Amino acid sequence: MVYKVKTGKFEGPFGALLDMVEEKKLAINEISLAEVCQDYLNYLKSQINMPRAETASFLTVGATLMLIKSRSLIPSFELTEEEEESIEELEMKLKLLKEFRVLAKNFEYLAKAKQSLFSRQALLGYNFGFLPPDKINIEFLREIQKRLIDSFPVPDLLPQKTLAKIITIEQKARDIISRIQSRIFGTLDKIISAKNKSELIVGFLAILELIKQGFLDVEQKNLFGEVEIKKN
Amino acid sequence: MIISNEVNELAKRIEATLFVHGDPMVLEELAKLLGRTKTEIRQAAENLDQALISSALTLVWHGETLQLATKRQFTQDVEALVKDAVSRDLSRAAAETLAVVSYRGPLSRPEIDYIRGVNSSYTLRNLLIRGLILRSPDPKNNRSYLYQISADFLKFLGLNRQEQLPQYFDFKKRLEEALKSETKIENQ
Amino acid sequence: MIISNEVNELAKRIEATLFVHGDPMVLEELAKLLGRTKTEIRQAAENLDQALISSALTLVWHGETLQLATKRQFTQDVEALVKDAVSRDLSRAAAETLAVVSYRGPLSRPEIDYIRGVNSSYTLRNLLIRGLILRSPDPKNNRSYLYQISADFLKFLGLNRQEQLPQYFDFKKRLEEALKSETKIENQ
């Protein structure tokens with residue numbers, strides 16, 4: 001009988017994204033990332049049982065993909081320095097993970113090759129009768145055992161808060177549709193009216209979804225102007 | 001000292017087997033394990049004997065058994081090593097392992113590893129040779145052992161039975177819960 | 001195959017000691033026990049490595065430790081004798097984490113998480129229990145641990161030294177270049 005630690009079945013946002021890029025046999029760059037953006041968002045929406053802590057990091061990567069996708073849809077779309085950096089970092093991390101995956105494959109291959117080396121058990125064949133160590137008594141044993149029990153890992157409860165304020169993609173999409181209907185048109189900033197980064201991400205996701213489905217039309221009057229969104 | 005040693009493959013297989021097995025091994029068992037006849041094994045063992053001339057190891061023939069051991073001229077080094085290993089105080093890891101075996105034994109090494117969150121094979125050896133714990137074959141799995149507190153150690157602690165350890169039932173229950181909380185999977 | 005192996009006395013003393021010790025042994029400890037300098041030990045160990053060419057046994061070098069083990073061509077003969085053997089399955093998450101720890105270790109969990117983009121605590125715990133990785137307190141931050149691969153992991157893959165890991169030097173170099181631009185590793 002072997003005891004196995006439960007492992008999370010989620011491989012994280014980079015792992016999932018890399019799967020999508022590799023499935024399409026694409027190189028890692030902005031073009032390929034814009035291409036898999038929709039797959040990624042669909043994946044995200046399908047993961048209803050995703051741990052909360054994971055969801056936050058998935059959304060952060062989703063936001064970066066949204067930026068990439070937005071720029072590919074609206075060429076004049078301006079990005080801040082910070083946003084440019086987040087795109088670069090995403091690409092770098094995907095490339096790095098890809099390298100490690102190649103090495104991991106080598107390990108899996110070696111492990112299956114049945115070529116393990118074996119050593120001897122320590123001090124095999126020696127027997128000393130009874131050699132009690134100093135400083136061991138009942139109270140010491142109890143104390144050690146208690147400390148071990150107290151240190152047992154407890155399930156991660158911490159990330160509960162993280163998502164408390166994040167609205168689901170569907171909720172935000174409904175909210176935006178109703179606001180668009182009442183105002184006919186507005187700027188991106190006003191429509192999303194995000195209170196924090198997470199909400200902004202969800203708002204972005206919603207807008208993109210609506211553009212794709214033909215509900216909204218995006219217009220940028222001049223090069224550095226605000227992006228206007230109209231109901232079609 | 002230049003020695004020519006043409007060691008045939010079977011001799012090496014015997015060497016590897018005896019190295020890992022450790023204890024004396026009956027020729028018959030060796031033959032069965034390596035899929036050869038007893039005569040072939042005996043011949044190859046003679047061969048291995050020759051090859052070990054330049055090694056620190058030697059083949060010990062005792063009746064129908066074979067064992068790999070260190071040569072007599074290294075006895076002093078080996079004894080110093082062994083003395084050193086058992087004269088030290090128990091490490092933190094060893095004390096922890098001893099506590100788990102005392103409170104929850106008999107239990108298997110995978111169970112101990114699981115409770116401690118680290119591999120315990122080295123510390124278990126140390127406790128075994130000091131006579132603080134005992135091991136016996138696991139009746140449910142012949143490739144595994146069960147470990148439990150030794151009678152000598154119990155006596156040393158001034159107890160008659162394991163159950164007399166302070167907070168025994170409370171701790172035992174909590175250790176059991178820790179084991180149950182995770183998925184058990186069959187070995188291979 | 002005729003091999004001349006003039007094995008010096010110290011090499012044999014090392015062989016005898018490692019044979020009995022079983023586990024990986026720190027060079028420093030070996031030096032102390034045998035009353036020689038670390039440099040002498042290292043040299044004699046290289047010598048022993050050569051002498052073992054015609055043997056079924058081999059030396060495993062891992063960090064500052066040495067261990068005696070069977071060669072990879074005898075795996076099938078001996079693995080049946082091993083009790084509580086490590087399961088051969090490597091999940092994808094486990095292999096990926098081992099790759100990060102092998103080529104970037106010793107490193108902390110936040111660093112591993114950063115590279116993998118996912119929380120690695122369960123996978124690390126699993127690898128620790130199987131003895132494939134080791135953890136030690138971070139000298140720069142005593143509330144944190146550093147993880148590195150173990151000699152058992154090398155043996156599990158059938159390797160004698162860390163440098164035998166596939167593409168070891170090549171990849172380490174490329175990795176350092178790739179990470180040079182990236183200095184912001186978020187610590188939790």
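Numbered from 1 within each chain, the chains take letters A, B, ... in sequence-line order. These numbers come from the heavy atoms of this one structure, side chains and all, not from hydrogens, waters or symmetry mates. Owing to the predicted nature of the structure, the values given are computational and were not obtained by experimental measurement.
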Tell me which of these, [options], has more heavy-atom pairs under 4.5 Å with chain C than the rest.
{"options": "A/Val102, A/Leu123, A/Asn106", "value": "A/Leu123"}
{"options": "A/Gln121, A/Glu108, A/Glu99", "value": "A/Glu99"}
{"options": "A/Lys95, A/Arg101, A/Lys112, A/Lys105", "value": "A/Arg101"}

Answer with side chain, backbone, both or neither: which region of [X] has an atom nearer than 4.5 Å to a non-hydrogen atom of chain A?
{"X": "C/Tyr103", "answer": "side chain"}
{"X": "C/Glu96", "answer": "both"}
{"X": "C/Gln73", "answer": "neither"}
{"X": "C/Arg92", "answer": "both"}
{"X": "C/Leu18", "answer": "neither"}

Report yes if some heavy atom in the side chain of [X] is under 4.5 Å from a heavy atom in the side chain of [Y]; otherwise report no.
{"X": "A/Phe107", "Y": "C/Ser102", "value": "yes"}
{"X": "A/Phe14", "Y": "C/Ile115", "value": "no"}
{"X": "C/Pro166", "Y": "A/Leu110", "value": "yes"}

Over all atoms of both residues, closest heavy-atom pair of [X] and [Y]:
{"X": "A/Leu117", "Y": "C/Lys71", "result": "CD2-C, 3.8 Å"}
{"X": "A/Phe118", "Y": "C/Val82", "result": "CD2-CG2, 3.5 Å"}
{"X": "A/Leu103", "Y": "C/Ala99", "result": "CB-CB, 4.0 Å"}
{"X": "A/Pro13", "Y": "C/Gly117", "result": "CD-O, 3.3 Å"}
{"X": "A/Ser119", "Y": "C/Gly22", "result": "CB-O, 3.9 Å"}

Problem set entry | Region of A/Tyr126 in contact with chain C, defined by heavy-atom distances below 4.5 Å |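 Answer is side chain: those atoms of A/Tyr126 sit under 4.5 Å from chain C.
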
Exercise. Looking only at heavy atoms, which of residues 144-160 of chain C get nearer than 4.5 Å to chain A?
Worked result: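 Expected list: C/Phe153, C/Lys155, C/Phe156, C/Leu157, C/Gly158, C/Leu159, C/Asn160.
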
For this session: Under 4.5 Å, counting heavy-atom pairs only, tell me which of C/Thr58, C/Leu165, C/Val20, C/Asp23 racks up the most with chain A.
Result: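 Of the candidates given, the most pairs with chain A belong to C/Val20.
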
